[in-house]
Amino acid sequence: MTTKYPYLRQDFLASIVVFLVAVPLCVGVAVASGVPAELGLVTGIVGGLVTGFLPGSSLQVSGPAAGLTVLVFEAVSEFGVGTLGVIVLMAGLLQLAMGFLKIGRWFRAISVSVVEGMLCGIGLVIIAGQIYAAAGLKAPSTGIGKIAGLPGAFADALGSSAALASLGIGAGTIAVIVLWKKLPKAVQSVPGALAAVVLATAAALAFGLPVATVTVEGLFGVIQVPGAGAFGELATPAIWGTIIAFALIASAESLFSAAAVDRLHDGPRTEYNKEMVAQGVGNTVCGLLGALPMTAVIVRSSANVNAGAKTKASRVLHGAWLLLFAAALPSALALVPIPALAGILVHAGWKLIPFRQISTLWRSHRGEALILVVTAVSIVAVNMFEGVLIGLALSVVKTAWEASHLKTEVIDKGAGPIQVHLSGNATFLRLPKILDSLEALPQDRPVELDLSGLHHLDHACRTALENWAERHSAVGTEPVRMTAA
């Protein structure tokens, strides 16, 4: 037994730790997404028992992620819980296609600034939205509305003893999570988020606090296989934008998580295309069960590595423990205060905001820092999918601008022709600068235009240079002599 499974003890112990980390996160993400709490557990179970078995990244753990909370909530609000399964199913099939077409490794080409900006924007929206949940208030539907409405929400909470009690539970939960890391290592073997939920539940029961708790429907009561009506929604063009957003953002989050997890251990490296297929299989199964979408989750993955996991057995076992919990102890969820789960997600949202990276980028690459901030603000102001697209577009424009570096050198010896040397990359982005330099030359002097130093000359620039040469030569001077690129 020990020869066949040499790391069984390490993987078993790691699986318990990951299970304890996963329970409050699965439930919290589900509640924040506007779906029954058990659906979060279903996604965690699939992440362990299905995706956990598949090749790709051996130590990262999949499940419902805080990073998709905003997108799922928007989708449920627009299309309903019954259609969520179809969206997740189609997103999973899209991920499978990308994996089989070997597109997975191309996600590593996405600008880190865009990814960090995406996480920052998501974090801000999660924090703002969950403050309302912590106070027992209804949150506005838009990101801007959530942030702008916070002063009014706090004013409303101050006038209500029930809202203050609810806020106290949420704040206490965050305090326990933060302070837990300062306790002895032996105590920290129990994850801080789990300890915070248990303490919040005990406090609410002991003092009879008037706070909302999780609604429990039972594991099999919440599983809904998508019906014909849900599939009929695929005829709506708007739903395809959501499907593509699910697939792309879940894939990016999973593969960037894989890269981060690879830095935490010395074991086998991630095979990105296989990991994309594994995520696609998991989301396809989640879709068939009507559950939340899954991604690889860095919190659970790092807990898995730090707990000493050696093989994929730990993540598979964590899925088994989630299944046992969901089947045997669902009533325990009914005791959990919703503001405690909101506190967990506020802390998770705070961890998504890359404060250190923003300051580092601002000192060394201000253009990248600007892309990060614009992406985050766009997600808050518009929505997640369009915010990411804006960030990607900015990143492409910045890269194109930098790639079109051009040097213009004008040599005028006072007599004879004026020599103009262009070197670098002449693209349409630099065309105004080129033409400004050429049109400032004296009209009564011959010009020699040397293009031999150009690495690239696009069609727009070539046409504009030829037109300028014709105009300059038409005023009675010698024709412009142009050395070809």
Side-chain angles (χ1 to χ4, degrees), residues 65-68 70-71 98 103-128 143-144 147 244-245 247-264 270 272 276 295-299 301-302 348-407 423-433 455-456 458:
L68 285 178
V70 177
L71 198 58
M98 289 191 291
I103 294 173
R105 60 194 179 92
W106 286 101
F107 276 83
R108 289 183 290 175
I110 296 175
S111 167
V112 175
S113 299
V114 175
V115 177
E116 297 284 8
M118 178 185 80
L119 296 176
C120 183
I122 292 166
L124 291 171
V125 176
I126 288 174
I127 291 169
I144 289 288
I147 293 173
I244 293 169
L248 295 182
I249 292 171
S251 300
E253 194 168 332
S254 294
L255 298 182
F256 276 96
S257 170
V261 173
D262 279 352
R263 291 196 291 269
L264 299 177
T270 296
Y272 286 87
M276 178 76 88
T295 73
V297 186
I298 190 63
V299 175
S301 303
S302 58
W350 182 263
K351 300 285 282 183
L352 288 175
I353 301 175
F355 294 104
R356 187 176 299 174
Q357 287 89 331
I358 293 173
S359 61
T360 302
L361 281 175
W362 185 252
R363 287 194 299 270
S364 55
H365 302 286
R366 292 197 173 181
E368 293 294 327
L370 182 64
I371 290 171
L372 190 158
V373 171
V374 170
T375 303
V377 171
S378 300
I379 287 172
V380 173
V382 190
N383 61 45
M384 192 158 150
F385 186 45
E386 291 176 17
V388 171
L389 289 181
I390 289 169
L392 286 172
L394 264 182
S395 182
V396 169
V397 169
K398 176 181 173 292
T399 302
W401 181 261
E402 290 177 345
S404 63
H405 177 73
L406 179 76
K407 181 180 179 183
S423 57
N425 295 296
T427 70
F428 69 95
L429 293 171
R430 300 290 182 174
L431 191 50
K433 179 183 176 182
H455 305 302
H456 174 71
D458 71 10

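Nothing fancy with the numbering, it's 1 onward along the sequence.
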| If you round to the nearest 0.5 Å, how far is CD1 of I103 from CG of L248? | 9.5 Å
| said: For V70 versus I126, what's the shortest heavy-atom pair and its separation? | reply: CG2-CG1, 4.1 Å
| task | Applying side chain to side chain contact (heavy atoms under 4.5 Å, CB included), name anything that partners V377, two or more places apart in sequence or on another chain. | result | V373
| Residues in side-chain hydrogen bond (donor to acceptor under 3.5 Å, both in side chains) with T295, at least two apart? | none
| Atom pair SG (C120) and CZ (F355), whose distance is rounded to the nearest 0.5 Å | 7.0 Å
Solution key, residues 386-396 side-chain donor-acceptor pairs under 3.5 Å, sequence neighbours excluded:
none

| message | To the closest 0.5 Å, what do you measure between CE (M118) and CD1 (I379)? | response | 7.0 Å
| task | Would you mind reporting whether T270 and V261 have side-chain heavy atoms less than 4.5 Å apart? | result | no
| task | Work out which heavy atom in R430 is nearest to a heavy atom in H405; give both atom names and the distance. | result | NH2-CA, 4.1 Å
All N/O donor-acceptor pairs, side-chain side in residues 359-371, below 3.5 Å, sequence neighbours left out:
| from | atom 1 | to | atom 2 | distance (Å) |
| --- | --- | --- | --- | --- |
| S359 | OG | R356 | O | 2.9 |
| T360 | OG1 | R356 | O | 2.9 |
| S364 | OG | T360 | O | 2.9 |
| R366 | NE | W362 | O | 3.1 |
| E368 | OE1 | S111 | OG | 3.4 |
| E368 | OE1 | S113 | OG | 2.5 |
| E368 | OE2 | K398 | NZ | 2.9 |

| request: Using side chain to side chain contact (heavy atoms under 4.5 Å, CB included) as the criterion, list what pairs up with K351, not counting sequence neighbours. | output: K181, H347
| task | With sequence neighbours left out, write down each residue that passes side-chain hydrogen bond (donor to acceptor under 3.5 Å, both in side chains) with N425, or none if nothing qualifies. | result | none
| CD of Q357 to CG of L119: how many Å apart, nearest 0.5 Å? | 9.5 Å
| remark: Distance col, row I358:CD1 vs L372:CG, nearest 0.5 angstrom, shows 5.0 Å
| query | Which atoms form the tightest heavy-atom contact between S251 and M276, and what is the distance? | reply | OG-SD, 3.4 Å
| query | What closest approach, in Å, do I144 and A381 show between heavy atoms, and which atom pair accounts for it? | reply | CG1-CA, 3.6 Å
| task | Taking all heavy atoms of F428 and all of D458, pick out the closest pair and write down the distance. | result | N-OD2, 2.8 Å
| query | Which atoms form the tightest heavy-atom contact between A250 and L68, and what is the distance? | reply | CB-CD1, 4.1 Å
| said: Which residues pass the side chain to side chain contact (heavy atoms under 4.5 Å, CB included) test with I127, not counting sequence neighbours? | reply: I131, V346, W350, I353
